[in-house]
Amino acid sequence: MTPLGQLLIERIREGGPISVADYMAECLLNPVHGYYTTRDPFGVAGDFTTAPEISQMFGELVGLALAQAWIDQETPAPFVLAELGPGRGTLMADMLRATQGVPGFHAVAKVVLVEASPALRRVQQARLARFETNVVWVDTVEDLPDTPLFLIANEFLDALPIRQFQLGAEGWRERLVGLAEGKLAFGLSDTLAQVPDTPSFTGAPEGAVVEHCAAARFTVSAVAARIARHGGLGLLIDYGGWRSLGDTLQALRRHTFDDPLAHPGEADLTAHVEFEALTGFIPHFYTTQGEFLHRLGIAARAERLARNLTGAALESHLAAFRRLTHPEEMGSLFRVLALTRAAAPPPPGFDP
Ligand code: SAH
């Protein structure tokens with residue numbers, strides 16, 4: 001068992017089973033042993049790869065989409081250009097590079113990065129040092145300034161802790177992490193649980209497991225509140241669906257699936273994002289990553305970049321294009337939610 005696993009076993013032995021959300025939060029962000037707090041998990045040598053690490057085109061197009069929205073909203077100044085969970089800083093670096101030529105954009109932008117991991121903050125700082133824009137780091141979305149807000153979050157919501165509930169004959173019980181024969185094991189709460197009043201819960205059949213991510217709702221509300229007051233655009237891109245019914249908790253370690261209880265702190269833990277549960281009455285647009293990138297002109301950009309490439313470099317560029325956009329790859333598995341203002345026109349990348 002990992003060092004964090006030992007600590008969790010002791011904690012559960014003394015205090016009883018913990019929620020899946022508590023387990024996930026400890027695994028990802030424990031200050032000493034957490035997955036994100038202690039390492040840079042991205043890339044070929046790491047545990048998984050994300051869209052901005054696959055190709056520069058992703059960050060370029062996202063950056064230009066946000067800049068176009070800023071122009072469409074009559075260039076509010078000053079404004080905040082924010083990213084939630086910036087990982088290695090690759091996405092923000094590509095966004096800043098691609099928008100350097102947008103008149104006035106950088107001059108009035110304040111870049112704010114929401115990042116919980118000290119290790120990744122250092123990687124981001126090194127990555128963004130060459131840009132002249134003012135960059136600051138904050139701990140949570142609540143710390144985002146109350147100004148016009150143009151925001152991107154890629155694979156952030158899926159890392160937020162979820163609770164899981166299961167419907168039995170008598171009602172809902174919470175799925176918990178406890179002990180069986182001295183090892184971590186899933187179980188159900190002794191008492192019945194109160195569950196949220198969302199469509200996934202109200203329509204569930206007996207036996208169903210349904211997830212709830214309070215932190216994702218909180219995040220979306222905080223972003224939407226700022227946009228409602230001052231304008232802006234929030235782009236949230238993630239693995240998931242409009243409604244995701246079932247147990248979607250998954251662990252990824254060295255590019256292969258792992259048992260979520262097997263290596264606490266040493267595997268990435270994520271859950272599918274249920275977009276319907278996030279939106280409520282918030283004005284929004286929603287599409288697939290493939291549609292979004294095509295509408296923003298990824299085919300033309302890919303072709304332009306391909307002109308300077310040959311051999312293996314060209315092949316890997318074409319593979320990256322396919323991976324980001326093809327319906328059998330990230331193109332339809334990943335979804336884009338745009339948070340806007342009431343009666344705002346569709347943002348760049350969405351259906352008119
Ligand atoms: N957006 C990046 C990285 C995604 S991984 C990319 O696309 O490559 C998730 C990121 O969110 C990491 O940077 C992680 O440290 C950060 N993170 C996870 N949970 C967080 C939380 N609760 N608050 C702030 N940052 C968090």
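As the structure lists them, so they are numbered: ligands from 1, and atoms in each ligand from 1.
Clustering ILVMFWY residues whenever any of their side-chain heavy atoms sit less than 4.5 angstrom apart, transitively, puts M24 in a cluster other than the one holding L160.
Contact annotation: L160 has at least one heavy atom less than 4.0 Å from an atom of ligand 1. For the ligand labelled ligand 1, residue L120 lies inside the 4.0 Å heavy-atom shell.
Ligand 1 places these atoms under 4.0 Å from at least one heavy atom of G87: 2 (C), 3 (C), 13 (O). Of all atoms in ligand 1, listed by their number and element, those nearer than 4.0 Å to a heavy atom of P52 are 6 (C), 7 (O), 8 (O).
Residue contacts with ligand 1: Q124 is placed with no nitrogen or oxygen under 3.5 Å of a nitrogen or oxygen of the ligand (distance criterion only). For ligand 1, none of its N or O atoms has an N or O atom of S117 under 3.5 Å away. Ligand 1 has an N or O atom lying under 3.5 Å from an N or O atom of G85, backbone or side chain.
Partner of R322 under the side chain to side chain contact (heavy atoms under 4.5 Å, CB included) criterion, chosen from E328, M330, H317: E328. Among the candidates L81, T147, T133, V136, the single residue satisfying the side chain to side chain contact (heavy atoms under 4.5 Å, CB included) test with K110 is V136.
The existence of a salt bridge linking D247 and R175 is confirmed by a sub-4.0 Å separation between a basic side-chain nitrogen and an acidic carboxylate oxygen. Electrostatic pairing of D40 and R88 counts as a salt bridge here, judged by a charged N lying under 4.0 Å from a carboxylate O.
Nearest protein neighbour of atom 6 (C) of ligand 1, counting heavy atoms only, is T50 OG1, 3.3 Å. Among all protein heavy atoms, the one lying closest to atom 15 (O) of ligand 1 is E115 OE2, 2.6 Å. For atom 9 (C) of ligand 1, the closest non-hydrogen atom on the protein side is E155 O, 3.5 Å. For atom 5 (S) of ligand 1, the closest non-hydrogen atom on the protein side is Y36 OH, 3.5 Å. Atom 17 (N) of ligand 1 has its closest protein heavy atom at F156 CE1, 4.0 Å.
The backbone and the side chain of N154 each have at least one atom closer than 4.0 Å to an atom of ligand 1 (non-hydrogen atoms only). Here A116 has heavy atoms under 4.0 Å from ligand 1 in both its backbone and its side chain.
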Item to complete: Begin with the C-alpha distance, continue with both residues' side-chain angles, and end with the deciding distance and a verdict on salt bridge (charged side-chain N to carboxylate O under 4.0 Å, His left out) for R121 and E115.
Response: CA-CA 7 Å; R121 279 189 188 197; E115 175 58 67; over 6 Å; no
Q: List the steps, then state whether side-chain contact (heavy atoms from CB on, under 4.5 Å) holds for L91 with R127.
A: CA-CA 10 Å; L91 175 51; R127 195 64 186 270; over 6 Å; no
key: Chi angles and distances behind the salt bridge (charged side-chain N to carboxylate O under 4.0 Å, His left out) call for R335, D238   = CA-CA 6 Å; R335 306 291 167 88; D238 235 300; over 6 Å; no
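Around atom 21 (C) of ligand 1, the closest heavy atom drawn from L91, L29, I237 belongs to L29.
Using a 4.5 Å cut-off on side-chain heavy atoms (C-beta onward), L236 and I152 make no contact.
Of all heavy-atom pairs between F285 and F350, the closest is CB-CD2, 3.6 Å.
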